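Chain letters run A, B, ... following the sequence lines, proteins first, then strands; residues in each count from 1. Here the structure is a predicted model, which means the values were calculated and not measured. The figures that follow rest on heavy atoms only: side chains count, while hydrogens, waters and symmetry mates do not.
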2 protein chains.
Amino acid sequence: MAKYHHGDVRNVLLQKAETILTDEGPTGLSLRRLARMTGVSEAAPYRHFDGKDGILAAVAISAFERFAQKLEDVAATVTKHEDRIMALGTAYVGFAIENPQHFRLIFGRERPPLDQYPELRDAADNAFDVVQRAVTSVDRKADMTLSQAATAYNRALAAWSRAHGIAMLVIDGMIVPPADINLDDFVLGLLAEDLNHPEPA
Amino acid sequence: MAKYHHGDVRNVLLQKAETILTDEGPTGLSLRRLARMTGVSEAAPYRHFDGKDGILAAVAISAFERFAQKLEDVAATVTKHEDRIMALGTAYVGFAIENPQHFRLIFGRERPPLDQYPELRDAADNAFDVVQRAVTSVDRKADMTLSQAATAYNRALAAWSRAHGIAMLVIDGMIVPPADINLDDFVLGLLAEDLNHPEPA
DNA sequence: TTGATAATGTTAACAAAGTTAACATAAGAA
DNA sequence: TTCTTATGTTAACTTTGTTAACATTATCAA
């Protein structure tokens, strides 16, 4: 009878892995348990993925894609350059807060090595290209001098770093956003804070 | 004869765990292997630590302490306020780059839960207090208005976020510091970059 | 249709890890 | 000394990642 299993195991496994990661974090994500919960033999996942790292890579790739998509959408919506940088930053942090497990998977140590999973590397590169393009694409790009381009690049890195730092510290619980103000406004405030002013206003 | 082992197992284990973490990362740090490498029975660590998390907590605590110490030293050396913020930031990133494994242990997911290890929580709080004190301690603190204090706090968070983001992205390989310029200068540049200017200079 | 071949499942085994229980010895206090 | 506690040890148990060996299904050319 129903001795063997359906034909769509790969997708079902991935889906299940996704929800396990979301609900319990990577600790709860064991291959055997995943297989059991999917109703499939404990060795079945090896037919569809390159072991545990293979599954993590697949999940990470889809996370990168959602991440990039969100950033792209925001970048496309906001036209004014400065506004776009800020909007991107809040979207970046927003994704991290809404998907802390995926964000940590993408940037943390459990992420499989990029050089062993070319598609994962591509997904990562693509996501960061979105950031960089959106941040550096001042409207008049053609007539920029070399040094201006270098500065633009630096500004992209700086903007990225800020968003990343806020995201990390918030999902880590090190920074607790005040409950009485809007989260995006809080993030915006941190992003915009200018450290060069010697004294707090 | 030498059937049983020395009297100082706890320290030896900690020391060994420290070097394993530095050399191989937390992946290589298994209790059994640690015990074997220390020349002690595989269950011995349980007499001195609260399981694996216990050892990780101990290592994390000492890392936090070194981290805080470094920041404190820098903060004490540089007197001018703005310079101090920047010096702290570079020291922060510097620690991360010099001790990537420890930095990730301190902030990553393998860190044992703070609420289960009060000493760990204390060590963490202390480290961040150093940051915050150093960043917010403008010389004339007494006569600050409430809103000035709030701004100062925000600036501390902003400065912290930036340093943290740079640190994370660099040790993750996402940002590759250019080889042809001084690392500290590179970090300084990122820290000081003012995103509020609409166009790259 | 038939029959070879690849794809996909399964069960069974292995080594390594975290953890605990049961037991042995050392060190110190009474 | 003797009782108690701290510190070791060995031996088990469970879970996990992984692979090997075998079974079933799908695919597709002849």
Side-chain angles (χ1 to χ4, degrees), chain A residues 1-21 23-60 101 105 108-113 116-117 120, chain B residues 1-21 23-60 101 105 108-113 116-117 120:
Chain A
M1 289 299 298
K3 227 174 140 192
Y4 277 29
H5 216 272
H6 32 354
D8 172 49
V9 180
R10 199 196 131 100
N11 276 341
V12 185
L13 283 173
L14 249 186
Q15 183 56 43
K16 204 84 187 176
E18 199 80 39
T19 72
I20 292 181
L21 178 72
D23 295 349
E24 316 176 31
T27 321
L29 188 54
S30 97
L31 278 196
R32 300 183 93 120
R33 196 163 87 98
L34 172 61
R36 263 176 271 139
M37 292 174 78
T38 310
V40 86
S41 88
E42 295 188 333
Y46 288 88
R47 296 292 170 196
H48 302 277
F49 298 95
D50 179 19
K52 182 162 194 180
D53 268 6
I55 287 198
L56 287 179
V59 174
Q101 307 286 11
L105 170 61
R109 245 196 290 237
E110 57 269 80
R111 181 193 62 204
Q116 269 174 49
Y117 296 88
L120 180 56
Chain B
M1 291 294 297
K3 224 176 143 192
Y4 276 30
H5 215 272
H6 31 355
D8 174 47
V9 181
R10 198 197 133 99
N11 277 340
V12 185
L13 282 173
L14 249 186
Q15 183 56 42
K16 204 84 186 176
E18 199 80 39
T19 73
I20 292 181
L21 179 71
D23 295 349
E24 315 177 33
T27 320
L29 188 55
S30 95
L31 277 196
R32 298 183 94 120
R33 195 162 87 99
L34 172 62
R36 263 176 272 139
M37 293 173 78
T38 311
V40 87
S41 87
E42 296 187 332
Y46 289 88
R47 296 291 171 198
H48 300 278
F49 297 95
D50 179 18
K52 183 162 196 182
D53 268 7
I55 287 198
L56 288 178
V59 174
Q101 308 286 12
L105 170 61
R109 245 197 290 237
E110 58 268 78
R111 183 194 61 205
Q116 268 173 50
Y117 295 88
L120 181 55

Which heavy atom in [X] sits nearest to a heavy atom in [Y], and how many Å separate them?
X	Y	value
V59(B)	A17(B)	CG2-CB, 4.2 Å
P26(B)	Q101(B)	CD-OE1, 3.9 Å
P112(B)	A57(B)	CG-N, 3.5 Å
K52(A)	L29(A)	NZ-O, 2.9 Å

Problem set entry | Side-chain heavy-atom pair R111(A), L120(A) within 4.5 angstrom cut-off | yes

For this session: Answer whether the closest heavy-atom distance between the side chains of E42(A) and L31(A) falls below 4.5 Å.
Result: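 No; the side chains remain at least 4.5 Å from each other.
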
Exercise. Would you say a side-chain N or O of S30(B) is under 4.0 Å from OP1 or OP2 of dG18(C)?
Worked result: yes

For this session: Please state whether the phosphate of dG9(C), meaning OP1 or OP2, lies under 4.0 angstrom from any side-chain nitrogen or oxygen of H48(A).
Result: yes

Seminar exercise, completed: 5'-most contact on DNA chain C (nearest-nucleotide basis), R47(B) vs D50(B), goes to D50(B)

Using whole Å, report how far [atom1] of [X] lies from [atom2] of [N].
X	N	atom1	atom2	result
Y46(A)	dG9(C)	OH	P	16 Å
R33(A)	dT16(D)	CZ	P	8 Å
I55(A)	dT16(D)	CD1	P	14 Å
F49(B)	dT19(C)	CZ	C1'	16 Å
D8(A)	dA7(C)	CG	P	18 Å
R36(A)	dT10(C)	CZ	C1'	16 Å
R10(A)	dA7(C)	CZ	C1'	14 Å
E24(A)	dT16(D)	CD	P	11 Å

Mind listing the N/O atom pairs, protein and nucleotides 11-14 of chain C, below 3.5 Å?
unit_1, atom_1, unit_2, atom_2, d
dA13(C), N6, R32(A), NH2, 3.4

Problem set entry | Partners passing side-chain hydrogen bond (donor to acceptor under 3.5 Å, both in side chains) against Y117(A) (at least two apart in sequence or in another chain) |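 Y117(A) satisfies side-chain hydrogen bond (donor to acceptor under 3.5 Å, both in side chains) with D50(A) only.
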
Problem set entry | Nearest to side-chain heavy atoms of L31(A), which nucleotide of dT9(D), dT7(D), dT18(D) | dT18(D)

